[in-house]
2 protein chains.
Amino acid sequence: MSLLKETKDVRAGHGRWYNDACGTAFAMELLGERWSLLVVRELMLGARRFSDLRASLPGISAKVLTERLEALERGGVLVRRVLPPPGRVQVYELTAWGYAAEPFIQEAGRWAARSRAHDPTLPLSPVSLMLSMRTMVDPAGLAGIAGITGRIGFVIGEESAGDCFVATPAPQGLPIVRGDVAGADAVFRAPRAAALAAGFYAGIAWDELEREAGVTITGERALALRYAALFRLPEPLA
Amino acid sequence: MSLLKETKDVRAGHGRWYNDACGTAFAMELLGERWSLLVVRELMLGARRFSDLRASLPGISAKVLTERLEALERGGVLVRRVLPPPGRVQVYELTAWGYAAEPFIQEAGRWAARSRAHDPTLPLSPVSLMLSMRTMVDPAGLAGIAGITGRIGFVIGEESAGDCFVATPAPQGLPIVRGDVAGADAVFRAPRAAALAAGFYAGIAWDELEREAGVTITGERALALRYAALFRLPEPLA
DNA sequence: CAGAATCCCATTCGATACTG
DNA sequence: CAGTATCGAATGGGATTCTG
């Protein structure tokens, strides 16, 4: 009985639930509500504050964000945490199970990228761009870089604003973490994520982006360009 | 301009859209609406009729099913088709791109299965059960059966009602198709899919299910039991 | 800044009844 | 069988206000 109650509480996020043992149904109960999966996506590269999330999800209202965070916390996908002093600010952070949703998010992106209706020119959040690299990196290309490891930095928007990441391509995978780009061997900078997406995925020449979209590439330029060539969009499917 | 209009039409399924180039957002626009992904799931093993879908999705109303089918058709996920005579009935069938959503559905299930809140005792549609096999089959186990191929049949509910499938395990994968079980080497039969799920995933002994849940196993029993041992639920994650 | 609380309208849901 | 039509109830989400 207590188990049943527990289950009902977890699923009470949006009142209605499918009565279905299928995992797909359960996942959609937790993540299928409007905005929910995008909130999880924004947390996928580390804890964020309420206002960070709001800024990364243009169009979401404070009320809806509050509701989604509550439902995801009840569902065990994320936890609220107060950063140790100094700081003391409250952040939201995925649980281990929440982080395990990355393959699900990746398959969503991989599937959508094969549609002709998908419009890649829309705005893009910094986290979206970084996650898309993990999804779209060519494994064969990664395997081929054995021995030429380098740390690639990314700064999107104002450097002080905090959207800085470091990617460390390796044959085994492509770890990406938030962090200082000071130690990186090459750094991409852009005012908006979409400018970098144009170079990685739309095939726009990097020197054109540097002239017209505010992109800058510093450090080992050859390494940066080799990195940028690792990504490939899948073929569209009728 | 015509391309822009096209895009807007496709996305008009439920009026609101994220303004986000991220594929995850686009996928959720098309599949994230309540019931949508479950409709796609039910079509994943072949075309179905309106009333089949309604019967497989307890709780969905005719209105909502109609709306979802319209939106999915506009989105290019499925098409309506009229079967050639005799028959002449109308069915819904996934497009090639719709079928490509299977990995997405699988990752949803794989993720949900790692939650402690997931309740596997709820009812299950026949298609859900068959798809779960493709998701949960142990690749190492499949590789180990090289040379012992056999065709495994499944009949769920009344044989005449049509929920019959044949699985052909092979080292390369586990194809599952709707079809006559007459040529199968072993056949599982059960009044409801959940009875078989109890054997595959909850570890309930098959002879107990045969005595108490209406399950029958015909043909090569040893083959059937070897097949049933190929499946493993992932570890729950905190 | 990080939400909680209210208000309020548009949308959506599900049930039922109806139809070619 | 394959939907359409209608309707009341529930929900959703934007805007605004308030608080510590």
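In what follows, chains are A, B, ... by sequence order, proteins preceding strands, each numbered from 1. Worth saying up front: this structure is predicted, and the values here are computed from it rather than measured.
- Within 6.0 Å of the CZ atom in A:Arg192, the count of heavy atoms belonging to other residues, nucleotides or ligands does not exceed 12.
- Counting any heavy atom pair closer than 4.0 Å across all strands shown, B:Arg48 reaches no nucleic acid atom.
- A:Glu70 has its CD atom 10 Å from the P atom of C:dG3, to the nearest Å.
- Across the protein-nucleic acid pair, A:Glu67 atom CD and C:dA2 atom P stand 18 Å apart, rounded to whole Å.
- In this structure, A:Arg54 reaches neither bases nor backbone, as no heavy-atom distance under 4.0 Å exists between it and the strands shown.
- For A:Leu65 and C:dC1, the CG to C1' distance is 13 Å, given to the nearest whole Å.
- No engagement by B:Arg88 is indicated, since no non-hydrogen atom pair under 4.0 Å with the nucleic acid exists.
- Distance from the side chain of B:Ala62 is smallest for D:dG3 among the nucleotides D:dG3, C:dG14, D:dA15.
- Between the side chains of A:Arg134 and A:Gln106, not a single donor N or O lies within less than 3.5 Å of an accepting N or O.
- The side chain of B:Ser61 sits closest to C:dA15 out of C:dG3, C:dT6, C:dA15.
- At distances below 3.5 Å, not a single donor-acceptor pair connects side-chain atoms of B:His118 with backbone N or O atoms of B:Pro236.
- Distances were taken from every side-chain heavy atom of B:Thr66 (C-beta onward) to each of D:dA15, D:dT4, C:dA2; the shortest belongs to D:dT4.
- Nucleic acid contact for B:Trp35: sugar-phosphate only, since backbone atoms but no base atoms lie under 4.0 Å from a heavy atom of the residue.
- Ring-centre distance between A:Phe231 and A:Phe200: below the 6.0 Å cut-off.
- The 5' end of DNA chain C is approached more closely, in terms of each residue's nearest nucleotide, by A:Tyr92 than by the other of A:Tyr92 and B:Gly59.
- In this entry the distance linking CD of B:Glu33 with C1' of C:dT12 reads 9 Å, nearest Å.
- In this structure, A:Leu69 atom CG and C:dG3 atom P are separated by 8 Å, rounded to whole Å.
- For the pair B:Ser51 and D:dA2, the criterion of a side-chain N or O lying under 4.0 Å from OP1 or OP2 is met.
- With distances taken from any side-chain atom of A:Arg80 to the nucleotides C:dC13, D:dG13, C:dG3, the minimum falls on C:dG3.
- For the pair B:Arg34 CZ and D:dT11 C1', the interatomic distance rounds to 12 Å; values are reported in whole Å.
- Relative orientation of the A:Trp35 and B:Tyr18 rings is perpendicular, given thresholds of 30° and 60° on the angle between their planes.
- In this structure, CZ of B:Arg81 is placed 17 Å from C1' of D:dA2, rounded to the nearest angstrom.
- Of the side-chain N and O atoms in A:Arg49, none sit less than 4.0 angstrom from OP1 or OP2 of C:dC1.
- Between B:Arg68 and the phosphate of D:dG3, there is no side-chain N or O to OP1/OP2 separation shorter than 4.0 Å.
- Atoms CG (A:Asp52) and P (C:dG3) sit 11 Å apart, rounded to a whole Å.
- Between A:Gln90 and the phosphate of C:dC1, there is no side-chain N or O to OP1/OP2 separation shorter than 4.0 Å.
- There is a side-chain donor-acceptor pair under 3.5 Å between A:Ser125 and A:Glu42.
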